[in-house]
Amino acid sequence: MAFTQRHLLGLEGVPGEDIEAILDTAASFKEISDRDIKKVPTLRGKTVVNLFYEASTRTRTSFEIAAKRLSADTINISASSSSATKGETLADTARNLEAMRPDAIVLRHPASGACSVLARHVGCPIINAGDGCHEHPTQALLDCLTIREHRGTIAGLTVAIVGDLLHSRVGRSNVHALRALGAHIRLVGPPTLLPPEFGAFGVELHSRLADGVRDADVVMMLRIQRERQSANYFPSLEEYAQYYCLTEDVVRLARPEVIIMHPGPLNRGLEIATAVADGPYSVIMEQVTNGLAVRMAILYLLIARSKSDETLETDAAPAPLKTRSGGRA
Ligand code: CP
C-alpha cells in the first residue's frame, strides 16, 4: 500500500502501512544529503510556498532545503510579511497564492484546523507544518524514522512521551503515528496537562516521571507550550522542573539502550537537563537530520501524486521509492 492522500493534514487515521511507506521513501532520500552535489531534478519546475504564521527554526528551514534539494522553487511568506497584517483572511491569502499556481503550500498556523480550512479553499496539496494544538505530522514522521533507524522496528517498543500533552501538536501526532505502528505508549505529565480523553487512545497515563520512564525504550520530551497556556497548569516553572525535568538519574530507570528525543526548541533545565540533551542517549540532532529526509519524501509523494498526469523526473530520485510491501511509493 502506498501513501495516497492528497494533503498531509495530520496522522490521525493514517494506517501504519502508509506511514511505513513514507518512512521508506524518506530513508531512500537520505543519501542525497551526503552527496557532494546535494540536488536531484525530481521536482524541477515545481513551486513550494512556505506560509508560516508562527516562528520556526527547524521546520521552515528543512522544508525549504528539502524543496531545493529536489530542485523545486521555494517562496517563504511569514505572518509579518503577508497581507494578514492588513486584515486579509487566511482563505483569501490562500486563494491569492493559488492564483499563482504553486504545486504545494506548507502551512504553520497558531489555529488548530487552519490546514483543513486551507485545503478546502485551494486545489494544490497542503502540508501541515504545525497547526495550533492539533497536529505536527512531519515532526512525528521524523521521530518515527529516527526510532526505526535505532531499533529496526517500532512495533512492541515502549515509548514514554513526557510533558505538556494538552497543548502539544507534536505529542498528538506522535500518539497517532506510534499507535498505528504498534508501539506501547505512556503519556507522562502533571494531571492538568494530561487530558483524560487521551485514555481513549489506548495509552497509559502517568503523573510520576519515574513510573513513565521505567523500562522505556524511547523517552520523548515535549516543550512546555507557554505561548498556548491560557491558565496556570502548574504552580511554577521551578516546580515543574523539579518533578518533570529529565535528568541523568531518571534516564537510568529506562532500558540501557534507551534513546532520548526532543522536537526542539529545548528549554534546558526545565524539560531536559543539559547533560541528557547533549549526552550519549540523545538523538535530538539525528531528529533534525531526519526532518530533512521526511520533508523531501512528503513533497515528493504529494507533488508527484497531484501531478501524476505529467512527467516527473522520478528516475532521478533515489531508489527504491517502494513500500516495504513492494508497491511503488
Ligand atoms: N520542532 C519544531 O517544530 O521546531 P520549529 O518550531 O523550530 O519548527
Side-chain angles (χ1 to χ4, degrees), residues 8-12 22-23 26 48-69 74-82 104-115 126-147 149 159 161-178 218-229 246 259-268 270-272 276-278 282-299:
L8 182 66
L9 304 178
L11 295 175
E12 183 172 10
I22 298 170
L23 302 186
V48 177
V49 174
N50 288 323
L51 182 56
F52 275 60
Y53 286 83
E54 271 188 351
S56 168
T57 300
R58 283 146 288 266
T59 312
R60 198 201 61 75
T61 309
S62 63
F63 265 115
E64 182 170 3
I65 296 175
K68 287 186 164 147
R69 295 230 162 129
T74 58
I75 313 293
N76 296 313
I77 305 173
S78 63
S80 59
S81 66
S82 81
I105 297 176
V106 180
L107 177 66
R108 171 168 287 193
H109 199 280
S112 300
C115 297
I126 302 299
I127 301 170
N128 183 353
D131 62 333
C133 303
H134 175 227
E135 285 222 37
H136 191 349
T138 56
Q139 178 67 46
L141 290 167
L142 73 88
D143 293 337
C144 289
L145 181 61
T146 307
I147 297 171
E149 281 180 350
V159 181
I161 308 178
V162 183
D164 183 0
L165 272 304
L166 182 63
H167 300 98
S168 177
R169 53 199 181 201
V170 175
R172 209 170 294 269
S173 283
N174 265 295
V175 167
H176 295 310
L178 291 167
V218 177
V219 179
M220 184 183 294
M221 304 306 292
L222 299 176
R223 186 173 66 82
I224 288 291
Q225 310 263 308
R226 276 178 276 181
E227 73 276 23
R228 296 188 216 289
Q229 293 181 357
L246 189 68
I259 58 171
I260 307 296
M261 311 181 79
H262 193 301
L266 301 177
N267 287 307
R268 290 172 183 266
L270 174 57
E271 302 130 10
I272 187 164
V276 176
D278 302 336
S282 172
V283 296
I284 294 171
M285 289 304 124
E286 290 174 46
Q287 290 173 261
V288 178
T289 300
N290 282 338
L292 184 53
V294 159
R295 286 156 186 145
M296 288 170 82
I298 291 297
L299 290 172

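One-based numbering, in listed order, for ligands and for the atoms of each.
Of all the atoms in ligand 1, the ones that sit under 4.0 Å from a non-hydrogen atom of Q139 are 1 (N), 2 (C). Heavy-atom contacts of T57 reach the following atoms of ligand 1: 5 (P), 7 (O), 8 (O) (cutoff under 4.0 Å). Under a 4.0 Å criterion applied to the non-hydrogen atoms of T59, ligand 1 contributes the atoms 2 (C), 3 (O), 4 (O), 5 (P), 8 (O).
Looking at D143, its side chain never comes within 3.5 Å of a backbone N or O of I147 through a donor-acceptor pair.
For R58, a nitrogen or oxygen atom sits less than 3.5 Å from a nitrogen or oxygen atom of ligand 1, counting backbone and side chain alike.
Salt bridge present: R169 and E54 bring a charged side-chain N and a carboxylate O closer than 4.0 Å. Ion pairing between a basic and an acidic side chain is recognised when a charged N comes within 4.0 Å of a carboxylate O; R268 and D278 show such pairing.
In this structure the side chain of N50 never reaches within 4.5 angstrom of the side chain of I75, judged on heavy atoms.
In R108, the part holding a heavy atom less than 4.0 Å from any atom of ligand 1 is the side chain.
G264 counts as a contact of ligand 1, since one of its heavy atoms falls under 4.0 Å from the ligand.
With rounding to the nearest 0.5 angstrom, the CG atom of L222 is 12.5 Å from the NE2 atom of H167. A distance of 11.5 Å separates CD1 in I77 from CZ in F52, rounded to the nearest 0.5 Å.
In terms of protein heavy-atom proximity, atom 1 (N) of ligand 1 is closest to P263 O, 2.9 Å.
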